[in-house]
Amino acid sequence: MAPMPADRPRQNPPAALRLGIDREALAANWRTLDRLSGAACAGAAVKADAYGIGARIAVPLLWAAGCRDFFVTYVSEAAEIIDLVPPASISLLHGPLNPADAAWAREAGVRVVINSPEQAARWIEAGGGVCDVMVDSGINRLGLPMSAIGDAMLQQLDVDVLMSHLASADEDVASNAVQCSRWNEARRAVPHRRASLANSAGITLGADYHGDLTRPGLSLYGGIARAELASEIRPVARPMAAIMQVRHIAAGEGVGYNSKFIAPAAMQVGVIALGYADGYLRCWSSGKGAMLHGTRRLPVLGRVSMDMTVVDLTAAPELREGDWVEAEYDLVEGAKASGLSQYELLTLLGRRFAR
Ligand SMILES: *Cc1c(COP(=O)(O)O)cnc(C)c1O
């Protein structure tokens, strides 16, 4: 057996790709959403690693900006940030899925969201304590059915946030007002301290939708949840990667798997350290995606591979190995071009990025 190396390097060399995070923009987006929430305070959905931005980066920034409520999905996500903010400011959206979750949340001092009579019983069984409640006002996904809001068991809960979730806040449809009135009905039936309905898009629907607390996610991280937010919200994430090799290819040569691009003439191309395993998907292949160097656009040639992408360097012939480029990643335009949602474009951004 080979011996273990005695001296391992103390620090890894810098990565060839990084996710540029505009920290000031993230804080500014929270302040904007808090202001647009009127009399309500804005919390923050930081589930899914803060939509790919990195929860351990986002949470302290949001706390410093004034945010006091953080919504995660799983116990593992709560554990990931529990040393950064007071545990009672963390709320577990999926609720206690089993007795172990309930015991963990009680011990950690994290709020659980009660989504069903079964979860309410599980929480009381575990000893109870401050919790949140999600009422399903029409999304038919997760939450207490409206038929259960009068249950005696709910009266035994110590409810901080009574919430519901809008299915179509990004559209002007009648169901928004229907959900709002059901949420108000639940507010009358279930004793609670604070009420919450709106996600990013819901914040723009007006004061009726604000309650005491709003729960933006997407627009904190630069997503334009509704057109009204386009002039208010700043981009946050910038995927960047280094050029690993500059190549000269002759007319008629193919680039990448299955030669989906054939050079029409001799050209200079750059091989970039960014691929679909990083969340830079194959939908950006030939003609769709591009890298940027300053204002110059370097179109993707052929297929995006797992760990690399080839771009046309015609517009920036002086670029060399080790130079950095930025992936064009405007969320609104990217969603149109790729057919993916802005949510997917953000949460895709992988773990290999240095952040
Ligand atoms: C994800 C989530 C949010 C945030 O929604 P955005 O559309 O990203 O603003 C708010 N509330 C709940 C319950 C969620 O699951």
Side-chain angles (χ1 to χ4, degrees), residues 26 29-30 32-34 36-37 40-53 55 58-59 62 67-74 77-78 81 89-95 97 111-116 119 131-144 159-171 173 175-176 179-180 182-183 186 192 194-205 209-230 232-233 235-237 331-332 335 340-349:
L26 175 58
N29 288 342
W30 181 82
T32 297
L33 293 160
D34 187 58
L36 295 174
S37 298
C41 295
V46 297
K47 59 194 181 186
D49 207 20
Y51 290 41
I53 295 295
V59 166
L62 293 166
C67 181
R68 294 295 177 265
D69 289 275
F70 300 90
F71 295 91
V72 297
T73 302
Y74 295 107
E77 293 179 340
I81 59 168
S89 65
I90 302 171
S91 179
L92 206 55
L93 287 167
H94 275 189
L97 298 176
R111 302 196 316 258
V112 291
V113 177
I114 300 301
N115 290 292
S116 65
Q119 289 196 345
C131 63
D132 295 341
V133 167
M134 169 68 80
V135 173
D136 177 9
S137 57
I139 193 169
N140 282 307
R141 198 177 63 165
L142 190 61
L144 273 178
V159 183
D160 180 357
V161 181
L162 177 69
M163 65 180 104
S164 192
H165 192 58
L166 295 165
S168 309
D170 56 341
E171 294 179 292
V173 289
S175 66
N176 288 329
Q179 286 199 267
C180 189
R182 289 183 186 152
W183 170 62
H192 63 280
R194 299 182 290 166
S196 176
L197 178 63
N199 57 356
S200 302
I203 289 172
T204 70
L205 298 179
Y209 292 78
H210 291 162
D212 305 301
L213 176 69
T214 59
R215 308 186 307 272
L218 182 70
S219 292
L220 288 174
Y221 312 111
I224 307 302
R226 277 182 67 106
E228 291 90 327
L229 293 169
E232 307 262 11
I233 293 298
V236 172
L331 292 173
V332 173
L340 299 173
S341 68
Q342 296 178 60
Y343 295 85
E344 289 164 287
L345 290 176
L346 280 173
T347 56
L348 275 167
L349 295 171

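When a residue number appears, it is its place in the shown sequence, counting from 1. We count ligands from 1, going down the list as the structure has it; atoms in each ligand are counted the same way.
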query = Is S200 reaching over with its side chain to a backbone N or O of G217, donor-acceptor style, under 3.5 angstrom?
reply = yes

inquiry  = Just to verify, what does D69 make a salt bridge (charged side-chain N to carboxylate O under 4.0 Å, His left out) with, not counting sequence neighbours?
reply    = R111, R194

key: Atom-level proximity to ligand 1, residues with heavy atom under 4.0 Å   = A45, K47, Y51, L93, M134, R141, H165, N199, S200, R215, P216, G217, L218, Y343

query = Is it true that a side-chain atom of H165 and a backbone atom of D136 form a donor plus acceptor pair closer than 3.5 Å?
reply = no

message = My understanding is that only residues two or more places apart in sequence, or in another chain, count here; which of them pass side-chain hydrogen bond (donor to acceptor under 3.5 Å, both in side chains) with E344?
response = S341

query = Mind checking what makes ring pair (Phe, Tyr, Trp, His ring centres under 6.0 Å) contact with H94, not counting sequence neighbours?
reply = Y74

ask   = Just by distance, do the side chain of W183 and the backbone of S137 share a donor-acceptor pair under 3.5 Å?
value = no

